[in-house]
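Every number for a ligand or one of its atoms is a count from 1 in the order of the listing.
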Amino acid sequence: MKRRPLIAGNWKMNGLLRQLTELQMIAEAAGEIGEGRDLLICPPATILSASRGILGQKVAIGGQDCHAAPSGAHTGDLSAEMLADVGARYVIVGHSERRADHDEDDAAVRAKAEAAWRAGLVAIVCIGESEAQREAGETLDVLGAQVAGSVPDGATGANLVLAYEPVWAIGTGRTAAVEDIADAHGFLRRTLVERLGEERGAAVRILYGGSVKPGNAAELLAIDDVDGALVGGASLKADDFIAICRATPVG
Ligand code: 13P
């Protein structure tokens, strides 16, 4: 089955109003790089609204996290409904930095994904093994358990994107070997098909993330069942993000 690639930028805790010029450049290139691809930028919440205005219709915006509840006494948190209210179409949930910094477990991530759906957003559920788990040969077991625990029932190609990000590859300049990525993505595809059925399991996009750069994007994005990238550091520079998009095969 053909899946439309998704190139998503995760700005993490980076981005001030003056960096909106980078988004301006991405918006200007969007007609070309968005041909056959879905484009997404997840800036910090403080500039979501301004980003929406700059990026227009060709580049979606998304949140980096959401609370499971629609509203309430949760100082400092944001609900999925609030993200949808400012024009977000996606929200990242369960990023390894949130799992580590905020003790989010699979059940919490699953509740956030359900919250995303309640608000009409696509949930980008992140999973990935630590270096110790990889060295112990536990990678596929870890990924299987994370999918089982973090992905809610009712997932479809329209409401779920899975992002495989080996924790040790994030922000390190190291990427997983091509054959290891192929193994992981193949395993994840089979897991999704088993869980969701042939049609739905085949429709869910599986992104790779972790030190995706212009120089390695073509190789990484050509791997079977790699349906796009979740890009951290390189998404902060328009030139790099645009180069990664161009390196992503379409159709
Ligand atoms: P880097 O591309 O900076 O390694 O970050 C990847 C990531 O965590 C995206 O969510």
| query | In a check of side-chain contact (heavy atoms from CB on, under 4.5 Å) between Leu162 and each of Val147, Leu207, Leu143, which one passes? | reply | Val147
| task | Kindly determine whether Ile26 and Ile41 satisfy side chain to side chain contact (heavy atoms under 4.5 Å, CB included), including the steps that lead there. | result | CA-CA 10 Å; Ile26 292 172; Ile41 298 287; 4.0 Å; yes
| Closest protein heavy atom to atom 5 (O) of ligand 1, given as residue, atom name and distance to 0.1 Å | Lys12 NZ, 3.2 Å
| For ligand 1, is there an N or O atom under 3.5 Å from any N or O atom of Gly232? | yes
| field | Part of Leu230 within contact of ligand 1 (heavy atoms, under 4.0 Å) | value | both
| query | Just which atoms of ligand 1 are under 4.0 Å from any heavy atom in Asn10? | reply | 9 (C), 10 (O)
| request: Write out the residue and atom name of the closest protein heavy atom to atom 4 (O) of ligand 1, then the distance separating them to 0.1 Å. | output: Gly171 N, 2.6 Å
| Sub-4.0 Å heavy-atom contact, Lys213 with ligand 1 | no
| With atoms numbered from 1 as shown, which atoms in ligand 1 lie under 4.0 angstrom from a non-hydrogen atom of Gly233? | 1 (P), 2 (O), 3 (O)
| request: For residues Leu230 and Ala163, report the shortest heavy-atom separation together with the two atoms involved. | output: CD2-CB, 3.8 Å
| note | Residues at least two apart in sequence or cross-chain that pass side chain to side chain contact (heavy atoms under 4.5 Å, CB included) with Ala50, listed by chain then number, are Leu17, Leu20
| message | With a 6.0 Å cut-off (strictly less than), is the heavy-atom count around NZ of Lys213, excluding the residue itself, greater than 12? | response | yes
| Contact between Gly210 and ligand 1, counting heavy atoms under 4.0 Å? | yes
| With atoms numbered from 1 as shown, which atoms in ligand 1 lie under 4.0 angstrom from a non-hydrogen atom of Ser211? | 1 (P), 2 (O), 4 (O)
| field | Any Ala234 heavy atom less than 4.0 Å to ligand 1 | value | no
| Looking at residues at least two apart in the chain, or sitting in another chain, which of them share a side chain to side chain contact (heavy atoms under 4.5 Å, CB included) with Arg110? | Glu114, Pro152, Asp153, Arg195
| query | Do Asp224 and Arg189 pass the salt bridge (charged side-chain N to carboxylate O under 4.0 Å, His left out) test, and can you show the C-alpha distance, the side-chain angles, and the key distance before you say yes or no? | reply | CA-CA 10 Å; Asp224 270 359; Arg189 178 68 59 207; over 6 Å; no
| message | Using a 4.0 Å cutoff against the non-hydrogen atoms of Glu165, which atoms of ligand 1 qualify? | response | 6 (C), 7 (C), 8 (O), 9 (C), 10 (O)
